[in-house]
Peer 1: 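I'd like to ask you about the structure that follows.
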Amino acid sequence: MGYQYYHYNPSPSAAIPFAALFGLTAVVHIWQTVRARTWYLIPFIIGSIFEATGYLCRYISATETPDWTMKPYVGQQLLILLGPSLFAASIYMLLGRIIRVLNAGSISPIRPTWLTKIFVTGDVISFLLQSGGGGMQASAKDANQAQLGEHMILGGLFVQILFFGIFMIVSVIFHRRMLKTPLHHVGSAPVPWNKYLKVLYVVSLLILIRSLYRVAEYIQGKSGFLQSKEIFIYLLDAALMLTCCAIFNVWHPSDVVSGRQALYKQPEDLEMLNGGYR
């Protein structure tokens, strides 16, 4: 018996609005990034495009019910799975840049020169495990291949959760130290670091909740409750990730770390971007 793609009939009417909304937020992010030269948000933009394309593929797959074909299924499976890893990369870079713009490296638990490298490396490992496992699972011809793919995806998700957990601890420690250290700013204009650290917490928590849902989903397997009900992917994945995108549209990081400020900062974030996601 071949690998069964879905245990329900996916809804085209649910997929297409999310494809459109993710596409819209991606366009807005491109405009905001080019305007402010916040190139460290390029992974975030790519993640938004992944999500939009993933839900478009899901729509195409839904219209094929019940005779699903492999290509749109693989597309929606991989792209929706991997988008949040790209969101995480930009979030890691953002904290490092905030610390450097504030000239607060001395109170950071991890040196700014290492912070981005450590967490983006973890994110790349998670990305590779999830992409490899997702490809193996989506193209599986039997249950053994599908199970191996699920194990790789779980490994990648656990790596993501581990690094996100450590990242949030580092962020909280830095935040608490900053609150005890007044007058950290660049030039004469105060940097709204307190507000944007809170924004960073919210976005990180949403990605963490989504990753925990995905772990539970893959632990239960294809016959489990979470994978047998389509509503969960929209409530605990699509809606949460769309909220992340919208939050960064409304409270865009250029308000605290602009391209102009980044011109005289060390370029390791861009180097990690080029090396890790090329």
Peer 1: Nearest 0.5 Å, please: how far is CD1 in Ile161 from CG in Leu154?
Peer 2: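 The distance works out to 9.0 Å.
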Peer 1: Would you compute the distance between atom CZ of Phe158 and atom CG of Leu212 and round it to the nearest 0.5 angstrom?
Peer 2: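 Here the interatomic distance stands at 9.0 Å.
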Peer 1: Would you kindly confirm whether Trp251 and Leu24 end up in one hydrophobic cluster when ILVMFWY residues are joined by side chain heavy atoms under 4.5 Å apart?
Peer 2: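 As far as the 4.5 Å side-chain criterion goes, Leu24 and Trp251 are not connected within one cluster.
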Peer 1: Do Phe225 and Phe232 have ring centroids that are under 6.0 Å from one another?
Peer 2: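 Here the rings of Phe225 and Phe232 have centres that are less than 6.0 Å from each other.
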Peer 1: Look up atom CD1 in Ile46 and atom CG in Leu79, then write down how far apart they are to the nearest 0.5 Å.
Peer 2: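 Output value for this atom pair is 12.0 Å.
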Peer 1: Parallel, tilted or perpendicular: which fits the ring planes of His29 and Phe248, with parallel below 30° and perpendicular above 60°?
Peer 2: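 Taking Phe248 first and then His29, their aromatic rings stand perpendicular (interplane angle over 60°).
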Peer 1: Should we count CZ of Arg111 as having more than 12 external heavy atoms under 6.0 Å?
Peer 2: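 No - once you tally the heavy atoms of other residues, nucleotides and ligands closer than 6.0 Å, there are 12 at most.
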Peer 1: With a 3.5 Å cut-off and no angle check, do the side chains of Tyr201 and His175 form a donor-acceptor pair?
Peer 2: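 Present: a donor and an acceptor within the cut-off.
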Peer 1: Do any N or O atoms from the side chain of Ser126 and from the backbone of Leu157 form a donor-acceptor pair under 3.5 angstrom?
Peer 2: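 Answer holds: no.
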Peer 1: In terms of relative ring orientation, are Tyr55 and Phe22 parallel, tilted or perpendicular, with 30° and 60° separating the classes?
Peer 2: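 Parallel: the ring planes of Tyr55 and Phe22 meet at under 30°.
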Peer 1: Taking it one step at a time, do Cys244 and Arg210 satisfy side chain to side chain contact (heavy atoms under 4.5 Å, CB included)?
Peer 2: CA-CA 11 Å; Cys244 288; Arg210 175 264 177 193; over 6 Å; no
Peer 1: What pairs meet the side-chain hydrogen bond (donor to acceptor under 3.5 Å, both in side chains) rule with one or both residues in residues 9-26, with sequence neighbours excluded?
Peer 2: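 Only Ser11-Ser13, Thr25-Asn249 qualify under side-chain hydrogen bond (donor to acceptor under 3.5 Å, both in side chains).
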Peer 1: Between Leu197 and Leu41, is there shared hydrophobic-cluster membership here, with clusters defined by ILVMFWY side-chain heavy atoms closer than 4.5 Å?
Peer 2: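 Leu197 and Leu41: one cluster.
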Peer 1: Apply side chain to side chain contact (heavy atoms under 4.5 Å, CB included) to residues Phe44 and Thr33 and explain how you reach the verdict.
Peer 2: CA-CA 10 Å; Phe44 202 95; Thr33 294; over 6 Å; no
Peer 1: Could you see if Phe18 belongs to whatever hydrophobic cluster contains Val28? Use Ile, Leu, Val, Met, Phe, Trp, Tyr and a side-chain cutoff under 4.5 Å.
Peer 2: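 Looking at the clustering, Val28 is in a separate group from Phe18.
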Peer 1: Could you measure the distance from the OG atom of Ser204 to the CD1 atom of Ile91? Nearest 0.5 Å is fine.
Peer 2: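 One finds 4.5 Å between OG of Ser204 and CD1 of Ile91.
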Peer 1: What I'd like to find out is whether the side chain of Val199 reaches to under 4.5 Å of the side chain of Ile247, using heavy atoms alone.
Peer 2: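 SC-SC contact between Val199 and Ile247 confirmed.
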Peer 1: Between the main-chain N or O of Ala239 and the side-chain N or O of Thr243, is there a donor-acceptor pair closer than 3.5 Å?
Peer 2: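 Yes.
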Peer 1: Using the side chain to side chain contact (heavy atoms under 4.5 Å, CB included) rule, take Lys198 and Val202 through it: C-alpha gap first, then chi angles, then the decisive distance, then the call.
Peer 2: CA-CA 6 Å; Lys198 292 176 182 178; Val202 172; 5.8 Å; no
Peer 1: Got a donor-acceptor contact below 3.5 angstrom from the Ser108 side chain to the Ile110 backbone?
Peer 2: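 Such a contact is found between Ser108 side chain and Ile110 backbone.
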Peer 1: Per the side chain to side chain donor-acceptor pair (under 3.5 Å) rule, which among Trp68, Tyr6, Tyr73 passes with Ser61?
Peer 2: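 Option passing the side chain to side chain donor-acceptor pair (under 3.5 Å) with Ser61: Tyr6.
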Peer 1: Side chain of Gln220, backbone of Leu226: donor and acceptor closer than 3.5 Å?
Peer 2: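 The answer is yes, because a donor-acceptor pair under 3.5 Å joins these two groups.
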Peer 1: Given the rule in the side chain to side chain contact (heavy atoms under 4.5 Å, CB included) test, do Glu64 and Ile60 qualify, once you have shown the distances and angles that lead to the verdict?
Peer 2: CA-CA 7 Å; Glu64 296 177 340; Ile60 295 171; 4.3 Å; yes
Peer 1: Do the side chain of His7 and the main chain of Gln227 share a donor and acceptor less than 3.5 angstrom apart?
Peer 2: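 No; judged by distance alone, with no hydrogens or angles, the pair does not exist.
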Peer 1: What's the spacing between Trp193 CH2 and Leu200 CG if we round to 0.5 Å?
Peer 2: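 Those atoms lie 13.0 Å apart.
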Peer 1: Just so I know, are the side chains of Ile99 and Ile107 near enough to count as touching, which here means a heavy-atom distance under 4.5 Å?
Peer 2: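 No; the side chains remain at least 4.5 Å from each other.
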Peer 1: Cationic tip of Arg37 within the cone over Trp39's six-membered ring, i.e. under 6.0 Å and within 45° of the normal?
Peer 2: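 No.
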Peer 1: Calculate, to the nearest 0.5 Å, the distance between atoms CZ and CD1 belonging to Arg214 and Ile80 respectively.
Peer 2: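 CD1 of Ile80 is found 7.0 Å from CZ of Arg214.
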Peer 1: With side chains defined as the heavy atoms from C-beta onward, is the minimum distance between Phe87 and Met241 less than 4.5 Å?
Peer 2: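 SC-SC contact between Phe87 and Met241 confirmed.
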Peer 1: side-chain hydrogen bond (donor to acceptor under 3.5 Å, both in side chains) with Gln76: which residues, sequence neighbours excluded?
Peer 2: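 Gln76 satisfies side-chain hydrogen bond (donor to acceptor under 3.5 Å, both in side chains) with Arg58 once adjacent residues are dropped.
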Peer 1: Considering all heavy atoms of both residues, which atom of Phe127 and which atom of Ser85 are nearest to each other, and what is their separation?
Peer 2: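 What the structure gives for the nearest pair is CD1-CB, 3.9 Å.
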